[in-house]
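Each remark here refers to the structure printed beneath this line.
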Protein chains: 2
Amino acid sequence: MVKPVAPDSEFTIRELAHEFGVTPRTLRFYEQKGMINPDRRGAARIYSAADRARVELILRGKRVGFALDEIKEILDLEAIDRGGRERLEPAIDRFVGRIEVLKRQREDVERAIAELQAGLDWMRERLEDRTPPDDVRRRARAFEALAQARLDPWSGVSAG
Amino acid sequence: MVKPVAPDSEFTIRELAHEFGVTPRTLRFYEQKGMINPDRRGAARIYSAADRARVELILRGKRVGFALDEIKEILDLEAIDRGGRERLEPAIDRFVGRIEVLKRQREDVERAIAELQAGLDWMRERLEDRTPPDDVRRRARAFEALAQARLDPWSGVSAG
DNA sequence: TCACAAACTTACGCGAACGTCAACGTCAAA
DNA sequence: TTTGACGTTGACGTTCGCGTAAGTTTGTGA
């Protein structure tokens with residue numbers, strides 16, 4: 001899925017944009033924000049394998065919900081490293097924080113998948129014009145309750 | 001983490017907003033978009049347990065990257081159901097699509113966690129003023145390469 | 001040498017998701 | 001009765017992540 005490329009590879013802006021399914025404008029925008037800085041051949045941008053890798057990380061970062069500024073911070077690890085201990089320590093803290101956010105995100109994604117799957121099963125039963133079997137009903141209960149904007153009395157409420 | 005509440009619970013806008021870490025303005029905004037419609041006591045909004053559950057789903061949907069309009073569609077499952085087959089089928093397709101997106105996202109999150117963890121280990125070794133051990137170096141290699149914006153010749157490139 | 005595609009810069013625009021006033025109503029405590 | 005705290009409805013402002021011209025330059029093939 002992620003093609004490895006030779007480290008001496010070079011790409012035009014259009015090539016790279018097309019590969020990642022974005023527009024050239026997007027890559028220029030990232031550059032303007034200081035997230036990448038490709039070499040120039042004349043005025044034209046020429047992207048290296050490292051630039052390509054950075055773009056890849058930027059886009060994955062976006063997909064998991066990070067803002068561009070946050071991704072930039074991650075990419076600036078090099079500068080942090082050269083800055084010595086006083087810059088390294090808070091950076092470590094922020095990294096730890098980000099990882100925690102991601103772990104929560106992982107749970108959210110799991111739950112969202114389960115919820116959509118429950119709704120999906122329910123809809124499919126309806127499509128077959130059947131009354132959903134009990135297990136499907138159970139899994140879809142929360143979803144159905146949401147859809148109907150009402151709750152059965154105390155259904156599924158565990159004490160505590 | 002997610003408190004279950006009695007189905008006859010009621011909440012003011014401020015209570016609910018505070019519980020979920022948003023502002024009242026946010027809840028009014030969702031209502032204006034037709035995603036919730038709490039009862040009124042006079043002019044004041046009064047939120048039920050079902051409303052609360054919907055808000056919960058909205059916010060989780062947001063965290064996993066759905067747009068509000070998409071979340072609205074999910075919440076409108078009831079209307080879809082009452083719409084009969086011709087509305088149900090395309091809705092099922094979109095649900096399937098959303099689930100696929102989420103599964104890809106799950107992979108992205110895993111990779112992002114691994115990357116940040118690699119970067120973190122690397123930084124911690126630097127902080128200890130030690131040369132990171134080989135395994136850490138290996139895991140952090142891609143990250144370090146990004147940070148330094150250069151790549152060792154053909155490192156880790158599996159022929160393909 | 002000319003044409004033409006593809007790059008460039010500059011700059012304004014836009015939709016999403018709220019924030020932030022402003023101006024007003026309501027209700028309980030002092 | 002006045003003072004707040006909390007609620008309401010507009011309506012405009014803001015930030016993010018680019019889209020979209022407009023006009024210019026650069027490079028390559030005929």
Side-chain angles (χ1 to χ4, degrees), chain A residues 9-48 51-52 54-76 98 101 105 108 112, chain B residues 9-48 51-52 54-76 98 101 105 108 112:
Chain A
S9 305
E10 294 184 346
F11 312 89
T12 71
I13 194 168
R14 195 157 287 278
E15 285 167 355
L16 205 59
H18 182 259
E19 180 182 352
F20 287 116
V22 300
T23 68
R25 164 67 177 147
T26 301
L27 297 181
R28 293 195 195 101
F29 182 72
Y30 294 159
E31 179 176 349
Q32 178 185 317
K33 294 211 82 181
M35 305 176 77
I36 41 179
N37 51 348
D39 293 344
R40 300 294 183 120
R41 189 145 24 245
R45 292 164 176 82
I46 177 84
Y47 295 85
S48 70
D51 292 325
R52 178 181 176 281
R54 291 172 79 92
V55 170
E56 204 183 322
L57 192 145
I58 291 171
L59 295 178
R60 181 162 47 248
K62 276 198 50 181
R63 285 196 300 271
V64 303
F66 286 137
L68 294 187
D69 285 355
E70 297 174 311
I71 299 172
K72 178 171 160 54
E73 256 207 273
I74 294 171
L75 287 170
D76 284 348
R98 299 253 167 71
V101 168
Q105 173 102 1
D108 283 335
Chain B
S9 304
E10 294 185 344
F11 312 90
T12 71
I13 193 167
R14 193 159 289 279
E15 285 167 355
L16 206 58
H18 182 258
E19 180 182 352
F20 288 115
V22 300
T23 68
R25 163 67 179 151
T26 301
L27 297 181
R28 292 192 195 104
F29 182 72
Y30 295 160
E31 180 177 351
Q32 179 184 318
K33 294 212 81 181
M35 306 176 76
I36 40 180
N37 51 346
D39 293 343
R40 301 294 185 120
R41 190 152 12 252
R45 293 163 175 83
I46 177 83
Y47 293 85
S48 70
D51 293 324
R52 179 183 175 279
R54 292 172 77 92
V55 171
E56 203 182 322
L57 191 145
I58 292 170
L59 296 177
R60 181 163 47 248
K62 277 196 49 181
R63 286 196 301 270
V64 304
F66 286 137
L68 294 187
D69 285 356
E70 298 175 311
I71 299 171
K72 177 171 161 56
E73 252 208 276
I74 295 171
L75 288 170
D76 284 348
R98 300 251 167 74
V101 168
Q105 176 147 1
D108 283 335

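Protein chains get the first letters and strands the later ones, always in sequence-line order, with residue 1 at the start of each.
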Name of the residue among A:Asp76, A:Val55, A:Leu68 meeting side chain to side chain contact (heavy atoms under 4.5 Å, CB included) with A:Met35: A:Leu68
Can you check the A:Leu27 CG to C:dA6 P distance for me, whole Å? 17 Å
Per-nucleotide protein contact along nucleotides 6-19 of chain D, 5' to 3', at a 4.0 Å heavy-atom cut-off (B base, S sugar-phosphate only, - neither), is -SBB-------BBB
Look at B:Asp39 together with B:Arg45 and state whether they make a salt bridge at an N to O cut-off of under 4.0 Å. no
With a 4.0 Å cut-off on N to O distance, would you call A:Arg63 and B:Asp108 a salt bridge? yes
On a heavy-atom basis, which atom in B:Pro38 and which in B:Ile36 lie closest, and how many Å separate them? CD-C, 3.8 Å
Any donor-acceptor pair under 3.5 Å from A:Arg40 side chain to A:Ala43 backbone: yes
Go through the steps for B:Tyr30 and B:Leu59 under the test side chain to side chain contact (heavy atoms under 4.5 Å, CB included), then give the verdict. CA-CA 11 Å; B:Tyr30 295 160; B:Leu59 296 177; 3.8 Å; yes
How close do B:Leu75 and B:Leu57 get, heavy atom to heavy atom, and via which atoms? CD2-CD2, 4.1 Å
With the threshold set at 4.0 Å, does a side-chain nitrogen-carboxylate oxygen contact exist between B:Glu73 and B:Arg98? yes
What string of B, S and - do you get for nucleotides 22-28 of chain C 5' to 3' if you count protein non-hydrogen atoms under 4.0 Å? -------
